[in-house]
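First listed ligand is number 1; within each ligand, the first listed atom is number 1. Only a predicted model underlies this, so the values are computations on that prediction, with no experimental measurement involved. Numbering of residues begins at 1 and proceeds along the displayed sequence.
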Amino acid sequence: MKIIAIRSSPRGKNSNTLKLLDAALDGVAAAGAEAEVIDVAKLKLKYCAACNACHKTGVCPIKDDFNGSLEKLLAADGIIWSSPNYMTNVSAQLKTLFDRSPRVTHEQLFEGKYAFSLTTAGSRDVGFVLDVMNNFMKMCGGTVIGGVGCTMAQGPLAMEAAIGKSYEMGRDLVEAIREKRSYPDQDALHHAWREGFRHVIIANKEEWPHNVDHWIAKGWL
Ligand SMILES: Cc1cc2nc3c(=O)[nH]c(=O)nc-3n(C[C@H](O)[C@H](O)[C@H](O)COP(=O)(O)O)c2cc1C
């Protein structure tokens, strides 16, 4: 079993969010699984050029760290997403990775993978940022087991509690993968998404041959 943990704060070892991620990784290790960390803030990632080449060929033609990172994500059984709250959203570093992933959405390449998300904020609610990460995962066909966030203004006790929850969620991620945990509401969401997107794939069948071949191979078309 392999877990990929995504960091995306530019603050390096001073990152508040990293404290949650480190606790989650302790939980993953305690449950007997291996994890690899990808620090998106240290990657060379250009913006998506909206060229549609990934839908045509299955490969992003931009020469940077994206394709190597995607390969690691696709080989993982579980993913831990983490980001600081930047303007009630994820960091630009993580958003750039999300924007580079339209094929992952079109082809539902996170199908069968489990994930959860972590965030810290200065003063605001953390729910919206967790939703951004968890919705991305679901939109790519993946299954979400939860999220942990902490608002720093709530003080050290709140952080301590969030660290404890992150540890437990790291353990739970490994359990969810082992037992192939079922979330019927998310299965229904994936089914409805595919029903809706089927028309988009059909409408673009000449332009997006890689997507079409994938849908045929999956039996969705
Ligand atoms: C560019 C930027 C934007 C931020 N936007 C928000 C925000 O909208 N709401 C909020 O509560 N905190 C905001 N913060 C504060 C960070 O979310 C908070 O300090 C967080 O714990 C930083 O996490 P990190 O140490 O992992 O980078 C912002 C910080 C920066 C640098």
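H55 pairs in a side-chain hydrogen bond (donor to acceptor under 3.5 Å, both in side chains) with only one of the listed residues (R103, E107, H106), which is H106.
For atom 22 (C) of ligand 1, the closest non-hydrogen atom on the protein side is P84 CB, 3.7 Å. For atom 19 (O) of ligand 1, the closest non-hydrogen atom of the protein is N16 ND2, 4.1 Å. The nearest protein atom to atom 30 (C) of ligand 1, hydrogens excluded, is given as Y86 CE1, 3.4 Å; this is a heavy-atom distance. The protein heavy-atom contact nearest to atom 27 (O) of ligand 1 is S9 OG, 2.6 Å. At the top of the distance list for atom 21 (O) of ligand 1, counting protein heavy atoms only, stands T120 OG1, 2.7 Å.
Remark: ligand 1 atoms within the under-4.0 Å shell around heavy atoms of M87 are 3 (C), 4 (C), 5 (N), 6 (C), 7 (C), 8 (O). Close contacts between ligand 1 and A121 involve ligand atoms 11 (O), 17 (O), 18 (C) [criterion: under 4.0 Å to a heavy atom]. Every atom of ligand 1 with a heavy atom of S123 under 4.0 Å away is listed here by number and element: 10 (C), 11 (O). Taking every non-hydrogen atom of M152 and a distance limit under 4.0 Å, the qualifying atoms of ligand 1 come out as 21 (O).
Between D65 and K42 there is no salt bridge, since no side-chain nitrogen of the basic residue lies less than 4.0 Å from a carboxylate oxygen of the acidic one. R181 and D172 are joined by a salt bridge, as a carboxylate oxygen and a charged side-chain nitrogen come within less than 4.0 angstrom of each other. For the pair E168 and K165, the salt-bridge criterion is not met [side-chain N within less than 4.0 Å of a carboxylate O].
Looking at N85, T88, V129, it is N85 that brings a heavy atom closest to atom 13 (C) of ligand 1. Across the listed options S91, A41, G122, P10, G122 owns the non-hydrogen atom lying nearest to atom 15 (C) of ligand 1.
For the pair L94/M133, a side-chain contact is recorded, criterion being any heavy-atom separation below 4.5 Å from C-beta on. Within the 4.5 Å cutoff, the side chain of M139 has no heavy atoms near those of the F110 side chain.
Surrounding CD of E34 are at most 12 heavy atoms belonging to other residues, nucleotides or ligands under 6.0 Å away.
Residue contacts with ligand 1 for R124 involve both N, CA, C or O and side-chain atoms from C-beta outward (heavy atoms, distance under 4.0 Å).
In this structure, the ring of W220 has its center no less than 6.0 angstrom from the ring center of F197.
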